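Worksheet: one structure, shown below.
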2 protein chains.
Amino acid sequence: MRSPFRRSETTVAACTIGAVSDRADPNATIPAAGPAAGGRRGSRGPKKVGAVNLRDVAAHAGVAPATVSRVLGGSRHVNPDTRTRVLAAAAELGYVVNGLARAMTGRGTRSIAFLTAEMAGFTFGATAAGAESVAAENGHLLLLCTTHGRAERERQIIATLCEQRAAAVLLVGSSGTDRLYTERIAGYVRDLATVGSKLLFCGRPGLPGLPEVRSVDYDHVGGIKAAVSHLAALGHRSVGYVGAPRGGTMPDLRLDGYLMGVRENGLEARPGLVAHAQNTIEEGERATPLLLDADRPPSALVCMTDNVAVGAYRAARARGLRIPEDLSIVGFDDAPVVGDLTPGLTTVRPPFRQIGVDAAEIALGLRDGDTDVLLGTSLTVRGSTGPVRA
Amino acid sequence: MRSPFRRSETTVAACTIGAVSDRADPNATIPAAGPAAGGRRGSRGPKKVGAVNLRDVAAHAGVAPATVSRVLGGSRHVNPDTRTRVLAAAAELGYVVNGLARAMTGRGTRSIAFLTAEMAGFTFGATAAGAESVAAENGHLLLLCTTHGRAERERQIIATLCEQRAAAVLLVGSSGTDRLYTERIAGYVRDLATVGSKLLFCGRPGLPGLPEVRSVDYDHVGGIKAAVSHLAALGHRSVGYVGAPRGGTMPDLRLDGYLMGVRENGLEARPGLVAHAQNTIEEGERATPLLLDADRPPSALVCMTDNVAVGAYRAARARGLRIPEDLSIVGFDDAPVVGDLTPGLTTVRPPFRQIGVDAAEIALGLRDGDTDVLLGTSLTVRGSTGPVRA
DNA sequence: CTGAAAGCGCTTACAG
DNA sequence: CTGAAAGCGCTTACAG
């Protein structure tokens with residue numbers, strides 16, 4: 001039934017085709033093929049081997065390097081004729097400005113970095129897409145880095161980003177909250193400042209000890225509270241929570257939201273209604289029975305994430321419980337396909353793409369103001385929640 | 001039921017905390033606060049404002065800049081004492097080498113770029129994660145770029161990548177196959193070569209007109225054929241296909257796989273068994289009825305992707321068809337959560353992460369050989385496929 | 001409007 | 001082993 005994972009390699013003959021480039025003179029763009037520019041008309045010096053540079057263009061156009069720089073750098077104050085001549089020379093030689101050299105003079109566009117624990121997962125992709133979109137529209141590149149949750153790797157990446165002079169670093173996703181962690185981040189902030197860069201939190205709240213670091217986040221607490229209120233409105237009095245224990249920004253806020261929602265709606269409140277599960281389907285499947293098999297099982301469950309909720313589906317099903325007749329379930333994230341589960345999952349949808357957009361805009365200084373950003377969430381109601389059984 | 005999407009902003013007081021950095025002398029790392037290095041002991045020249053540079057370190061250590069470069073660049077041939085002194089000076093001043101300047105001399109680590117149409121979606125994330133992992137392990141950064149399927153944007157991005165001197169560009173995902181497309185790509189290859197960079201295909205086959213561009217792909221054809229064979233083994237004689245029409249590498253290969261699978265297994269073959277749908281749930285939902293409502297509906301469906309398969313679930317359900325009793329369905333991708341549908345989706349799983357790993361390794365020259373790579377897929381059998389009804 | 005010169009921060013032969 | 005010099009490719013005052 002299960003075909004083996006095999007690996008095969010196919011050989012490909014190395015040869016060259018003759019398709020047409022956009023360049024006026026494709027020959028001039030071929031690298032490491034002897035004197036790049038000089039080869040064509042009036043070579044100067046036998047040294048050059050690399051790509052054609054600004055000086056080559058200047059010589060070819062019969063002007064000074066400074067003039068070429070002005071034309072390409074978009075300065076006004078250039079004679080139209082000169083401009084035309086320079087542009088023609090550049091095109092003819094297939095000149096490509098060296099962004100590295102330009103950056104050294106403070107003129108180049110520095111990249112912005114997207115730093116997260118893991119790249120897999122839906123939430124990451126949407127947020128990164130938002131950030132990339134803003135970066136690209138403004139001529140910047142987006143650097144993608146993952147720490148795999150290892151401090152040492154994180155430290156190494158920040159060091160590399162400092163060396164490469166990233167314009168800004170977006171720290172994305174949940175994080176620790178302890179003093180040691182705050183101090184580590186404070187070190188990054190200082191290191192980045194040294195090279196004229198800065199740190200931004202994205203998809204996580206600010207750190208109390210680090211108020212000068214801006215944060216772009218969505219309303220975890222409000223989202224969960226809306227979920228609890230939704231269940232309360234359906235008549236549920238005993239609502240359980242399945243999610244990670246305190247220790248990270250995301251788990252903390254979502255648990256807070258649950259506790260506040262329970263209090264504000266006057267629902268049953270006791271420790272026995274909370275079960276601990278990390279953010280995976282398997283963990284949700286493992287932890288949910290702790291609630292379902294207890295003495296007074298809840299009639300509804302709020303889950304920290306959709307992953308956990310899917311685990312809860314499994315556990316409910318394994319017990320022959322019908323959703324939502326016997327058990328209502330709410331998730332958080334609105335991941336793909338969860339709407340097509342049976343029944344569709346009611347879940348909180350955060351504006352993942354938008355926090356990426358906002359964070360990038362702030363990172364690039366496209367936005368004024370000196371305030372944190374907190375975006376709202378919306379509740380997507382599907383079939384997994386229903387009236388409490390009479 | 002649906003809370004409004006609201007946006008609120010919270011003000012944050014700007015202040016500085018006193019956490020401890022790794023630097024020996026944190027004061028020296030504070031930027032733009034007057035003479036960076038000189039401020040502490042014996043200032044030289046009143047000009048410097050930016051970060052401390054190699055010359056500062058040299059002066060501080062009482063050696064020539066060349067010596068500092070040797071120590072930091074990891075050259076042997078340095079007196080241990082000198083080395084120690086230089087290292088101490090660098091640490092004391094909070095020196096961070098300028099990777100841009102280093103890169104200009106051909107010494108720096110150039111980033112590799114991951115270029116795809118859209119960043120959202122599961123397949124992207126897994127592949128990017130693989131590539132990033134390899135890049136990071138080797139001290140490189142991964143640039144993430146999306147074209148949104150627009151040629152103009154693609155062109156612009158390649159230009160920027162040339163300017164920034166990316167080490168290599170991974171073109172990821174399905175693509176066109178026509179002559180115009182091939183010529184556009186050929187232009188990129190040439191432009192990139194100009195700056196010593198190269199192009200690589202990832203998650204797509206090579207282009208016939210461009211055999212010198214290497215490709216790292218998985219076996220689309222073999223994967224689909226395995227799906228068809230699986231259905232044939234269950235007794236199905238009439239197997240339909242729902243997927244995009246020809247015109248892109250991915251749709252072409254998967255359709256090829258279906259046609260070959262049908263032929264090799266001696267199944268019913270006719271145009272009426274193929275329905276066109278782009279890669280979305282909605283498209284699958286729209287196209288599937290074309291098959292189900294026809295005169296001689298198939299007893300099983302092979303879908304181009306999991307998205308399409310989920311759409312097929314919807315269509316089947318809308319008609320009261322039971323899966324797999326009345327209709328078997330197979331997907332492709334093994335996206336998250338599809339295993340938790342009712343029933344779980346039988347689907348082909350490509351090695352997304354691995355193609356990212358392999359592509360990055362080849363891009364960085366970590367692998368010898370001059371051959372394309374084609375990785376195998378595996379079939380994950382779940383509840384959506386069963387014996388044909390008697 | 002344009003050129004010659006100095007400078008960005010590093011590395012690498014070339015001589016000691 | 002170490003230093004002085006030249007060079008990487010660009011930009012920007014500074015003078016015409």
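Computation of the quantities below employed the complete heavy-atom set of this structure, encompassing side-chain atoms and omitting hydrogens, waters and symmetry-equivalent molecules. Quantities reported herein were computed from a predicted structural model and do not represent experimental measurements.
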Taking OP1 and OP2 of [N], is either one under 4.0 Å from a side-chain nitrogen or oxygen of [X]?
X        : N     : value
A:Arg55  : D:dC8 : yes
B:Thr67  : D:dG3 : yes
B:Thr105 : C:dG9 : no

(request) Salt-bridge test for A:Arg153 and B:Glu132: reply yes if a basic N is under 4.0 Å from a carboxylate O, no otherwise. (result) yes

From the options [options], select the one residue that forms a side-chain contact (heavy atoms from CB on, under 4.5 Å) with [X].
X        : options                      : value
A:Val189 : A:Leu199, A:Thr194, A:Val169 : A:Leu199
B:Val71  : B:Thr84, B:Val78, B:Val63    : B:Val78
B:Cys162 : A:Val97, A:Asn98, A:Val96    : A:Val96

Could you give the [atom1]-to-[atom2] distance, from [X] to [N], as a whole number of Å?
X        : N      : atom1 : atom2 : answer
B:Arg102 : C:dG9  : CZ    : C1'   : 11 Å
B:Asn98  : D:dC10 : CG    : P     : 16 Å
B:Glu163 : D:dG9  : CD    : P     : 15 Å
B:Arg85  : D:dC1  : CZ    : P     : 15 Å
B:Arg110 : C:dC10 : CZ    : C1'   : 17 Å
A:Leu100 : C:dC10 : CG    : P     : 14 Å
A:Leu54  : D:dC8  : CG    : P     : 13 Å
A:Asn53  : D:dC8  : CG    : C1'   : 9 Å

Check for a donor-acceptor pair, side chain of [X] on one end and backbone N or O of [Y] on the other, with a separation under 3.5 Å.
X        : Y        : value
B:Asn79  : B:Asp81  : yes
B:Ser197 : B:Ala166 : yes
A:His60  : A:Ala58  : no

(message) In whole Å, measure the gap between the P atoms of D:dA5 and D:dC1 for me.
(response) 23 Å

(request) Pick the P atom in D:dC10 and in D:dC14, then give their distance to the nearest Å. (result) 24 Å

Nearest non-hydrogen partners of [X] and [Y], listed with the distance:
X        : Y        : result
B:Arg155 : B:Tyr188 : N-OH, 3.5 Å
B:Ser111 : B:Leu143 : CB-CD1, 3.8 Å
A:Arg110 : A:Arg165 : NE-O, 2.7 Å

Of the nucleotides [options], which has the atom closest to the [X] side chain?
X        : options               : answer
A:Arg107 : D:dT12, D:dC10, D:dG3 : D:dT12
B:Ser69  : D:dT12, C:dT12, D:dG9 : C:dT12
B:Met104 : D:dG9, D:dA4, C:dC8   : D:dG9

Between the protein and nucleotides 13-16 of chain C, list the N/O to N/O atom pairs that are separated by less than 3.5 angstrom.
residue, atom, partner, partner atom, Å
C:dA13, N6, B:Arg70, NH2, 3.1

(request) Pick base, sugar-phosphate or nothing for A:Val97, based on heavy-atom distances below 4.0 Å to the nucleic acid. (result) sugar-phosphate

(message) By nearest heavy atom, map A:Gly73 and B:Ala101 onto DNA chain D; which one lands nearer the 5' end?
(response) B:Ala101

(request) Let me have DNA chain D in dot-bracket notation, would you? Count Watson-Crick plus G-U wobble pairs, both distances under 3.5 Å, and use [ ] for pairs crossing earlier ones and | for inter-strand partners. (result) |||.||||||||.|||

